[in-house]
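Before any comments, here is the structure.
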Amino acid sequence: MAAYSDSSASEKPHITVVRPKFLQTVEKSNNIDASSSNNDDSETPIFSKRKIMLRIPDQYKGDFMHLTVSKNWLVCLLAAPAPATQITLLRFFLLRALPPGAIALEKYLAGYKIANLFLDYTGHHMLISLTPKSPGLLADFLYIHATGPKVRRIEKFKDHEITSVAFNREYGTESSTGPILLGTNRGLIFETELTLEAEKPSYKKQVYDLGLGRPKYPINGLEFLRVPNTNQYLIIVAAPDYIFTFQETLRSDEKSLQSIFTGYVNGTQSHGFETAKTDLNYSVLKLYAQPGEKFASLWGWLCGSGIRHGRIAQSSITTEKFLLGDDLVPLDKDIEQRKHLSSEERRLSVPVSFVLTEYHVLLMYPDHIKGICLLNQQVVYEEYFHEQMGKLLNIVRDPFTGSVYVYTEKMLFSYKICDEHRHVWQIYLGKGLYDLAEAHAGDDKNKNLVLESKAQAAIQNGNYMAAAEILADTNNAFEEVCLKFIDLQDKHPIITYLRKRLDKLPTENNEEQLMVLVTWLVDLYLTEINYPGRSKVEKEEWQIAYDEFMRQFSVVKFVRANRATIHKLIAQHADNHNLAQFAIANEDYEEVVLQHLAAEKYLDALNILRKQKDPELYYKYCPIIMEFIPHETIEVLKSQGRKFQVTKLIPTLITIDTPLHIAEVTKYLEYCIYNLCETNTSVHNYLVRLYAQHQPPKVIEYLETEGHDASLVHYDINYALCVCLQFKVHEACVFLYCLLELWYDALDVALRFDMALAKATASKPKDEETKSELWLRIVCHEIEGTNDVKKALDLLNECNLLRIEDLLPFFSDFEKIDDFKEPICKALKVYNQKIQELQHDMAECTKQSERVQNDLENIRERCLIIESQEMCNSCDTYLLVKPFFVFGCGHKFHADCLEKSVVPHLISEESRKLTMLKQQLESMLTQSAAMAENSKELQKKREKLKHEIEEIVAADCPYCGLMIDTIDQPFVEDWDQVNVDWE
């Protein structure tokens, strides 16, 4: 188990926390009060060291040789103090108090020294690189799994000194490493896979050669990454003077890494590489990933010129480079200057190793640790180590937890990283990267400082619009910001600022601020819209912006509550268009209509009427507008459809009777009647009058459309007749007289101007007597004064009701009989034919009466024989046991059975009569029983009642007559009652 403790007091004087110089610069450039800044000397350091006490069993205690950490698994190599040669591998789990796993290695190290220790991401696979101490031996390496003490020597890699390993995050498990890459000191890259079960690697493949035959060209760094959500892979290789990248897309089922290098081996693909001026014979490659993330976001490379670093592309990129950016953190002294130093001085001035954090790099020198900010290369932390602590060996980082560990020969320390991004916003601000500074500012105070600086830079560049948008997000005083833009000729910045402040203003309890902002904005917009010399395009742009502003919810709500104030403000600008728009938005249409009428803008007034929904305004102002623009007024009225009561609208339309007005009014009435199906009598009467007075031919067309049924027409017939008589529309008068069935008046009018119409009128009555009289009037009209026999005789052919004898009285006694000879002969023939038909009908009637008489005599003589075994057709019991009825069809019923069958089919009157007769008969039977002797008169009455009852009950056979007559009647009439009975 690991026990943590703070560094001892004796170590504290050697810790130097450096306050970055950039803070003073940023504070000065942005007028930030240094005394109020959080970056004072008393703040918590970004990096703080604390000592870790590992509970190492006494038998294994010794000096640290190598140490690495992954996923909270700490693996270290300890060398026992001289003269002992014991070397032990210990494996700790830092989160639990468990005894460490220990493996003694001295028997595997005869003639070898340990070059490096590698631990995979799961913390279970350990590789130990071995180099020979003396000639004659070949380099080797050991594989150890965490679950057992067994140590395997990997014979396949004899003579290959492993200098770096790229473990597989994608396919590596606790039992298998998955395909991994091994880098050697000669620049060779191998692929292999190590498992818990197998004694030897399953395979060994050389996939690339960077050394190109050189005896020593070590691969100092090797990393293997898969681009998230893709099958694209990236391999980063670091040599002392170069850093190489290999990238390729593999199949989803392909696990081998050899395909990544195929294109580079055969020359079809060129890998990206970076070079560095260096005097070092080594380099260090480190990646940074957020704790728990598989894909790294930053890369860093320690080479002779310093720490080169940048970002790693986080997606499947089509460009050639995955390593983005190439910033340099230079070493303490230039390469040229280091050449003149002694070897000891040169060794102390160059970092041995480093680790990356999100914004810093921790450099490990032979005697101290230095923290440098990657953004501005300022030293933020520096600490020297006592000789008593032992020689600094390495600095490592757990890729899963992000914890940083430093170990010497005698001690192990961890570094706590506290709020390392605290000054990042100031660094970005000092560089003028305002968006990044704002993103990292954190609290509102810092963000406000960033926005102020960003806005000030925009103002200095003349970009006032951007400055206005930025300042609207600050908490600067409203008056102070407005003064920056109020004198500008371009009002866009001030309007932008005011609108954004309005959007951010809470709607509750801010009436005064809302009043100031809205009224000021309305005034600014209207001023710009009506500014003299403004082009049409500019004016339209300002109008669109103003309309959009007035549609905002907060503005609409304010305007409705302060309608009078805004109305007065718009009126002061004499902007009729926006005044009308304002009225429409607030439904104050009458005011705008009156203004347009006063300015004689009748079409504008009509358009306002069309946009509102109150029909009363139409009734009120249409007479005025109709006088000047009748056609447009009628078109608007038609466009409103059924919105109006036409009876209320008509009085407003008849004020002027010019031909144009009358034509338009007529058009509207026709639209109401034929399109809207208006049925009001006054509307139809008015149209009839207009037709009769101005378009007489259309009267009869309208009357024909209404039809010939007086009960269905929508106009007043009498009124229409008076109008037609007044304006002498004769044909319409005839039609109306006919509709009123005033045939003689209709005929008199028709005879005055159209004989064909008169004849058609005379043919209309259904009563033949009336029709005959009407035709006689026509005859009289034709004969009087002319005695034209031919005309009179032609009328006989047109009307079959007229006879020659009807025409003779209209002629004088001195007419020649020869002119009437032919019609008289025809009439006689007709009479003779009718006489013969009557005689034939009389003979047929006589024969029929004789047949009926014979049938009656036969019926009187007919008899039916009833036998004793005859059954009632209703109850199937013997017929003779009770009074019965026998019908001519042969059906036989008991008297009570017959009554039961017949009564349900009787109509209500017969049913009531039957009940009454039975009650009377029962009463008479009671009286006769009480009397000793029955009177003859009472007996006659009783017989009469029985006869009447029999006439109802036995009027017809139920099966042969009654059932057939009621076959079309439903079996059940009251289904509701049936449902109740069934329930």
Side-chain angles (χ1 to χ4, degrees), residues 584 587 589-590 592-594 596-597 602-727 729 732 735-736 739:
I584 292 171
E587 299 181 356
Y589 301 98
E590 188 167 7
V592 183
V593 171
L594 288 173
H596 285 315
L597 292 178
Y602 302 106
L603 189 58
D604 292 340
L606 187 61
N607 290 331
I608 296 299
L609 282 180
R610 179 168 52 187
K611 293 177 181 177
Q612 58 88 40
K613 299 179 181 179
D614 185 7
E616 295 297 329
L617 293 183
Y618 282 92
Y619 306 146
K620 187 174 181 179
Y621 295 107
C622 270
I624 303 173
I625 302 174
M626 181 76 180
E627 180 179 355
F628 298 96
I629 48 173
H631 175 73
E632 290 80 0
T633 304
I634 293 301
E635 290 300 320
V636 169
L637 293 178
K638 288 169 64 177
S639 68
Q640 300 300 310
R642 300 178 183 277
K643 186 176 181 180
F644 311 113
Q645 296 181 25
V646 184
T647 54
K648 295 180 67 175
L649 192 60
I650 284 179
T652 69
L653 303 178
I654 60 177
T655 55
I656 303 176
D657 58 354
T658 64
L660 178 59
H661 286 79
I662 290 170
E664 294 297 332
V665 172
T666 302
K667 187 190 302 180
Y668 180 66
L669 293 177
E670 290 174 343
Y671 172 78
C672 292
I673 291 172
Y674 297 123
N675 293 80
L676 303 182
C677 301
E678 179 62 48
T679 59
N680 188 274
T681 302
S682 61
V683 177
H684 286 261
N685 287 346
Y686 188 39
L687 181 61
V688 170
R689 180 176 182 84
L690 291 177
Y691 278 159
Q693 186 176 1
H694 302 286
Q695 302 180 64
K698 284 195 172 183
V699 178
I700 191 63
E701 294 179 10
Y702 166 78
L703 297 178
E704 291 286 352
T705 303
E706 284 292 298
H708 297 267
D709 190 341
S711 63
L712 298 179
V713 297
H714 298 101
Y715 55 90
D716 187 328
I717 300 176
N718 293 307
Y719 173 80
L721 181 58
C722 292
V723 170
C724 291
L725 290 173
Q726 178 184 353
F727 295 104
V729 187
F735 183 92
L736 294 169
L739 206 59

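Sequence positions, counted from 1, serve as the residue numbers for this chain. The analysis underlying the following values was restricted to heavy atoms, covering all of them including side chains, and did not include hydrogens, waters or symmetry mates.
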Partners meeting side chain to side chain donor-acceptor pair (under 3.5 Å) with [X] (sequence neighbours left out):
X	answer
Asp604	none
Thr658	His661
Asn680	Ser682
Asn718	none

Reported CG-to-CD1 distance for the pair Leu669 and Ile673, which is rounded to 0.5 angstrom: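 Going from the CG atom of Leu669 to the CD1 atom of Ile673 covers 6.0 Å.
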
Atom pair OG1/CG of Thr633 and Leu606 - distance to nearest 0.5 Å: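 Going from the OG1 atom of Thr633 to the CG atom of Leu606 covers 5.0 Å.
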
Partners meeting side chain to side chain contact (heavy atoms under 4.5 Å, CB included) with [X] (sequence neighbours left out):
X	result
Ala710	Ile717, Leu739
Leu712	Asp709
Pro615	Tyr619, Phe644
Lys643	Lys613, Tyr618, Gln640

List the atom pairs, donor and acceptor, that lie under 3.5 Å between side-chain atoms in residues 683-690 and the rest of the protein, sequence neighbours left out.
residue, atom, partner, partner atom, Å
His684, ND1, Tyr702, OH, 2.6
His684, NE2, Glu678, O, 2.7
Asn685, OD1, Asp716, N, 2.9
Asn685, ND2, Thr681, O, 3.4

Main-chain N/O of Leu676 paired to Arg642 side chain as donor or acceptor, under 3.5 Å: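 Yes: the side chain of Arg642 pairs with the backbone of Leu676.
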
Residues in salt bridge (Lys or Arg N to Asp or Glu O under 4.0 Å) contact with Glu632, at least two apart in sequence or another chain: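 So Glu632 forms no salt bridge (Lys or Arg N to Asp or Glu O under 4.0 Å) with any residue.
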
Full working for side-chain contact (heavy atoms from CB on, under 4.5 Å) between Leu703 and His708: CA-CA 8 Å; Leu703 297 178; His708 297 267; over 6 Å; no

4.5 Å side-chain heavy-atom contact, Ile625 and Leu609: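 The answer is yes; the side chains approach within 4.5 Å.
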
Side chain proximity check, Ile634 to Tyr671, heavy atoms < 4.5 angstrom: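 They are not in contact (no side-chain heavy atoms under 4.5 Å apart), so the answer is no.
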
Mutual orientation of the aromatic rings belonging to Phe628 and Tyr602 [parallel < 30°, tilted 30-60°, perpendicular > 60°]: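 Because their plane-to-plane angle is under 30°, the rings of Phe628 and Tyr602 count as parallel.
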
Steps toward side-chain contact (heavy atoms from CB on, under 4.5 Å) verdict (Val699, Phe735): CA-CA 10 Å; Val699 178; Phe735 183 92; over 6 Å; no

Might you point out which heavy atoms bring [X] and [Y] nearest each other, and give the distance in Å?
X	Y	answer
Cys672	Val646	SG-CG2, 3.8 Å
Ala720	Tyr715	CB-CD1, 3.9 Å
Gly707	Val713	O-CG1, 4.0 Å
Leu637	Cys622	CD2-SG, 3.9 Å
Leu736	Cys724	CD1-SG, 4.0 Å

Contacts of type ring pair (Phe, Tyr, Trp, His ring centres under 6.0 Å), residue Tyr621, not counting sequence neighbours: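 Applying ring pair (Phe, Tyr, Trp, His ring centres under 6.0 Å) to Tyr621 gives none.
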
Verdict with reasoning, Glu635 to His631, per side-chain contact (heavy atoms from CB on, under 4.5 Å): CA-CA 6 Å; Glu635 290 300 320; His631 175 73; 3.6 Å; yes

Summary of side chain to side chain donor-acceptor pair (under 3.5 Å) pairs that have at least one residue in residues 691-701, sequence neighbours excluded: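 Checked against side chain to side chain donor-acceptor pair (under 3.5 Å) - neighbours excluded - the pairs reaching residues 691-701 are Glu670-Tyr691, Gln695-Lys698.
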
